[in-house]
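Heads up: the structure comes next, in structure tokens.
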2 protein chains.
Amino acid sequence: MDTKTKILNAAENLFADKGFTGTSLREITSAAEVNLAAVNYHFGSKKELIKALMKRYLDVLSPELQGSLQRVMEDNENLTLEQVFEAFVEPLLTLNQLKEQGTSNFLQLLGHSYTDSQGFLRWFITTNYPGIIDNFVMAVHKAYPELSSQDMFWRLHFTMGTAVFAMSSTSALIDIAQNDFNAEVDIEGVIRRLIPYVAAGVGANTVVAG
Amino acid sequence: MDTKTKILNAAENLFADKGFTGTSLREITSAAEVNLAAVNYHFGSKKELIKALMKRYLDVLSPELQGSLQRVMEDNENLTLEQVFEAFVEPLLTLNQLKEQGTSNFLQLLGHSYTDSQGFLRWFITTNYPGIIDNFVMAVHKAYPELSSQDMFWRLHFTMGTAVFAMSSTSALIDIAQNDFNAEVDIEGVIRRLIPYVAAGVGANTVVAG
DNA sequence: TGTCATTTTAAACGCATGTTTAACTTTAGC
DNA sequence: GCTAAAGTTAAACATGCGTTTAAAATGACA
């Protein structure tokens, strides 16, 4: 395996676990068993390494997700919000194929993208992959046309917060849940519990201001 | 105003805006116009400063909130989830009285408590103010008795994530919303939009596993 | 007024971080 | 086999951080 890939793989696991700012280049290069300077030589900087890591996933996810959302919009005459959110599951789970073993860390990484690093990755994603958000808004609008654009704005951000927060703390929560309930839980299980929650939240009745 | 209070006030605003790890003691002491060493002299360490800051709010909020939740549980025979979440609003807004002007930064601080600093404040709050969570769980259970303890666990964490994330990015989102909709939004407005969302999320129908 | 505790101050300490340097090693092409 | 590019390495650099130190200033009180 070449140095670049070794770094990417080691960085992915460490970043997912401890966040971007919580992981040092020395930890990464030590786990990857390469020299410290290799990150700057191959990627230029830590920021560029993070971008490259996210790009590896987003370049696969983005077309998959847009296709999935478009399919669910075309097929259904009476589209429900649950169906919209369900459209995320399959594309997300196919990301696991990117890793030769185990499940991908993309969702945890996405979580840290929002909470770490003063949101520079938030900018990176929204400017480089705007199609994801656009299609999502369109699908939600089709499933719930009465929702005003202002309510749409807030509820989508609430939803993003819910998902992102759940994903960035997934490993800790799964540990607690398994101790408390003796029930095995994996990332897919969390996603499947998340869907009815956010679907109901986005689909809640709106109240008249007053 | 004495040095201790000057530090607390400056720290509160900076922490709320940029997070705990994102704010240095040098920024704080510079904004407070006190010497750098003053923080360690008066509080002992940065961690203790953060604790003191949260304590200033939690000592007021905790009894208020427990009272509010107990009141809403006693009065209502057919308690709804909306009512449970509504019970948070008044106690939270009374926190503004702690500041001589403007709205309190408590919710933003609470947001950062979860995302910053590898969750040491999460521990601090849950161990020092367990009554808040207990009463909350009891109220939700009364409003939605069919919810299994496992679903309760996940949905409460989703809810916490939603609220915390919304609050920690409130200032950024409010700016965007005001530009896009020309509508004035404040923290109370965000809370009032949040309530139907999380109430619907927690109250969503549960699906049988499979 | 003199004394002692409290507070403030400027400077330095120790440490960890991302990054850069310059020498060294490996690789590929002719 | 030589050469030039590509890659690797150990060391140092520059910066920012929380914290500590010891001297100076301030305050309270006899």
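Proteins come first, then strands; the chains are lettered A, B, ... in the order of their sequence lines, and each starts at number 1. This one's a predicted model, so the numbers in the text were calculated from it and none came from an experiment.
- For B:K6 and C:dT8, the NZ to P distance is 8 Å, given to the nearest whole Å.
- At whole-Å resolution of the value, NZ in B:K4 and P in C:dT7 are 9 Å apart.
- With distances taken from any side-chain atom of A:A37 to the nucleotides C:dT20, D:dT19, D:dC17, the minimum falls on C:dT20.
- Ring centers of A:Y197 and A:F85: at least 6.0 Å apart, outside the cut-off.
- The listed nucleotides are D:dA6, D:dC17, D:dT19; the one nearest the side chain of B:S24 is D:dC17.
- Put simply, the side chain of B:H141 does not reach to within 4.5 Å of the side chain of B:L147, judged on heavy atoms.
- Separating the CZ atom of B:F43 from the C1' atom of D:dG18 is a distance of 15 Å, rounded to the nearest angstrom.
- Within 6.0 Å of the NZ atom in A:K4, the count of heavy atoms belonging to other residues, nucleotides or ligands does not exceed 12.
- Salt-bridge check for A:K55 with A:E48: failed, with every basic side-chain N at 4.0 Å or more from each acidic carboxylate O.
- Taking the side chain of B:T3 as heavy atoms from C-beta on, and the options D:dG18, D:dA12, C:dT8, the nearest nucleotide is C:dT8.
- When distances run from any side-chain atom of A:H42 to the nucleotides D:dG7, C:dG18, D:dT19, the shortest one goes to D:dG7.
- B:R26 contributes no side-chain N or O that forms a donor-acceptor pair with the base of D:dG16 under 3.5 Å.
- Atom CD of A:E48 and atom P of C:dT19 are 10 Å apart (whole Å).
- Following rounding to the nearest Å, A:I50 (CD1) and C:dT17 (C1') show an atom-to-atom distance of 14 Å.
- Comparing D:dT20, C:dT6, D:dA12 by their nearest atom to the side chain of A:L36 picks out D:dA12.
- Within the 4.0 angstrom heavy-atom criterion, only backbone atoms of the sugar-phosphate kind lie near B:T23; the bases stay farther away.
- The side chain of B:N35 lies closest to C:dA10, out of D:dG18, C:dT19, C:dA10.
- For the pair B:S45 and D:dG18, the criterion of a side-chain N or O lying under 4.0 Å from OP1 or OP2 is not met.
- Distance CG (A:L25) to P (D:dC13): 20 Å, rounded to an integer number of Å.
- Along DNA chain D, the nucleotide nearest to B:K46 and the one nearest to A:D2 differ in position, and the one closer to the 5' end is contacted by A:D2.
- Summarising the geometry, the separation between CD on B:E27 and P on D:dT15 is reported as 18 Å, rounded to the nearest angstrom.
- Taking the six-membered ring where tryptophan is involved, the planes of B:Y57 and B:F106 are tilted, since the angle between them lies from 30° to 60°.
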